[in-house]
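Encoded as structure tokens, the structure appears first; notes follow it.
The chain is numbered in sequence order, starting from 1. The analysis underlying the following values was restricted to heavy atoms, covering all of them including side chains, and did not include hydrogens, waters or symmetry mates. First listed ligand is number 1; within each ligand, the first listed atom is number 1.
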Amino acid sequence: MLTRRTLGALAGATALALSLAAPAFAQDKIIIKFSHVVAPDTPKGKAAAKFEELAEAYTNGAVDVEVYPNSQLYKDKEEMEALQLGAVQMLAPSLAKFGPLGVQDFEVFDLPYIFADYDALRKVTQGEAGKMLLAKLEDKGIKGLAYWDNGFKIMSANSPLHVPDDFLGLKMRIQSSKVLEAEMQALGAVPQVMAFSEVYQALQTGVVDGTENPPSNMFTQKMNEVQKHATLSNHGYLGYAVIVNKQFWDGLPDDVRAGLEKAMSEATDYANSIAKEENDKALEAMMAAGTTEFHELTEEERAAWIEALAPVHDEMADRIGADTIAAVKAAVGG
Ligand code: LMR
């Protein structure tokens with residue numbers, strides 16, 4: 001006989017069974033913690049905010065995206081670990097930060113002068129080579145969703161950087177990429193890997209002499225206030241892969257995932273449409289601020305940089321992988 005008590009117990013058991021069968025987040029909103037290291041007012045910061053807005057709209061509020069900028073939650077190295085552990089669900093690390101994860105192929109993006117401009121770069125990020133690279137993350141429990149642009153890097157220090165010899169002995173902060181290490185060594189500098197969140201202070205206190213970054217990062221971290229000289233070298237590219245914890249992504253209800261994919265696709269178009277302008281504006285603002293003297297390379301100086309940095313391509317070929325280099329060079333027509 002079914003008494004009130006056994007009915008109650010049955011209802012409880014059913015609820016428990018349901019809650020065990022369904023993903024842990026099913027009762028409430030699905031939370032996506034999106035951690036990044038740059039300021040909100042940068043190409044990546046703005047694109048993350050755009051994704052938040054679109055993701056929430058396209059999933060009819062089923063998803064709540066929480067964006068944590070400026071290394072608030074995690075610094076460079078920790079954020080990768082946090083993603084793999086599921087402590088955050090989404091990141092957009094620079095392509096120069098995948099080496100420590102064991103996916104060194106992404107360092108192809110760091111090769112000096114490999115992309116003439118944004119158009120050349122997009123042939124990779126929006127083509128087969130880009131897809132092939134993102135697929136390499138799956139083994140690490142990570143799914144690559146998109147590439148977001150930042151821009152071309154300028155070099156800065158407290159002394160003029162006109163020719164390669166000007167780098168001799170300078171301590172230069174780099175991201176955790178062996179290609180960037182080789183780049184600085186080729187210029188005669190001493191590379192020092194450091195988390196992005198620590199760069200301003202390191203420049204201010206003289207722990208390092210200089211660094212490289214696109215203007216948007218330099219300006220929004222106020223690095224121009226502690227760097228007297230910068231050279232508009234555009235010697236290399238900095239961009240991002242937007243990545244998610246694969247288990248989390250695969251476990252989403254299909255309709256939610258579809259909404260998020262649509263949001264990501266539109267946020268990516270947005271990111272890539274604003275990146276150049278954001279960098280141009282940041283450069284103008286730094287020029288107006290007047291704390292840094294900006295140098296345009298002469299033809300001869302540029303030729304000297306290209307010559308000094310050319311050996312990095314061969315030196316790093318084994319590390320990056322011949323297939324990856326070939327795929328990228330074929331895409332850009334090089
Ligand atoms: C850096 O560490 O210099 C950049 O990767 C920061 C960023 O995410 O743009």
Proximal atoms of ligand 1 relative to Ser94 (non-hydrogen, under 4.0 Å): 5 (O)

Identify, for atom 9 (O) of ligand 1, the protein heavy atom at the shortest distance, and state residue, atom and that distance. Tyr240 OH, 2.4 Å

I'd like to know if Lys46 and Glu278 make a salt bridge, using a cut-off of under 4.0 Å between side-chain N and carboxylate O. yes

How does Asn213 reach ligand 1, by side chain, by backbone, by both or by neither, if only non-hydrogen atoms under 4.0 Å count? side chain

Specify side chain, backbone, both or neither for Asn217, according to which of its non-hydrogen atoms lie closer than 4.0 Å to ligand 1. side chain

Check ligand 1 against Leu238 and write out every atom of the ligand that is under 4.0 Å from a heavy-atom position of the residue. 4 (C), 5 (O), 9 (O)

Looking at atom 3 (O) of ligand 1, what's its closest protein heavy atom, distance included? Arg173 NH1, 2.7 Å

Minimal non-hydrogen separation, Leu73 against Val88, with atom names: CD2-CG1, 3.9 Å

So which heavy atom in the protein is nearest atom 8 (O) of ligand 1, and how far is it from that ligand atom? Lys44 NZ, 2.7 Å

Could I get the full list of ring-ring contact (aromatic ring centres under 6.0 Å, His included) partners for His229, not counting sequence neighbours? none

Does the gap between the ring centers of Phe167 and Trp305 come in under 6.0 Å? yes

Around atom 5 (O) of ligand 1, find the nearest protein heavy atom and jot down its residue, atom name and distance. Gln175 OE1, 2.6 Å

Which residue supplies the protein heavy atom nearest to atom 7 (C) of ligand 1, what is that atom called, and how far is it? Val38 CG1, 3.3 Å

Within-shell test, Lys97 vs ligand 1, heavy atom, strictly < 4.0 Å: yes

Does this structure show an ion pair linking Lys77 with Glu81, if we count only N-O contacts that are shorter than 4.0 Å? yes

Is the ring pair Tyr237/Phe115 parallel, tilted or perpendicular, if the boundaries are 30 and 60 degrees? perpendicular

Considering all heavy atoms of both residues, which atom of Leu170 and which atom of Ser159 are nearest to each other, and what is their separation? CD1-OG, 4.0 Å

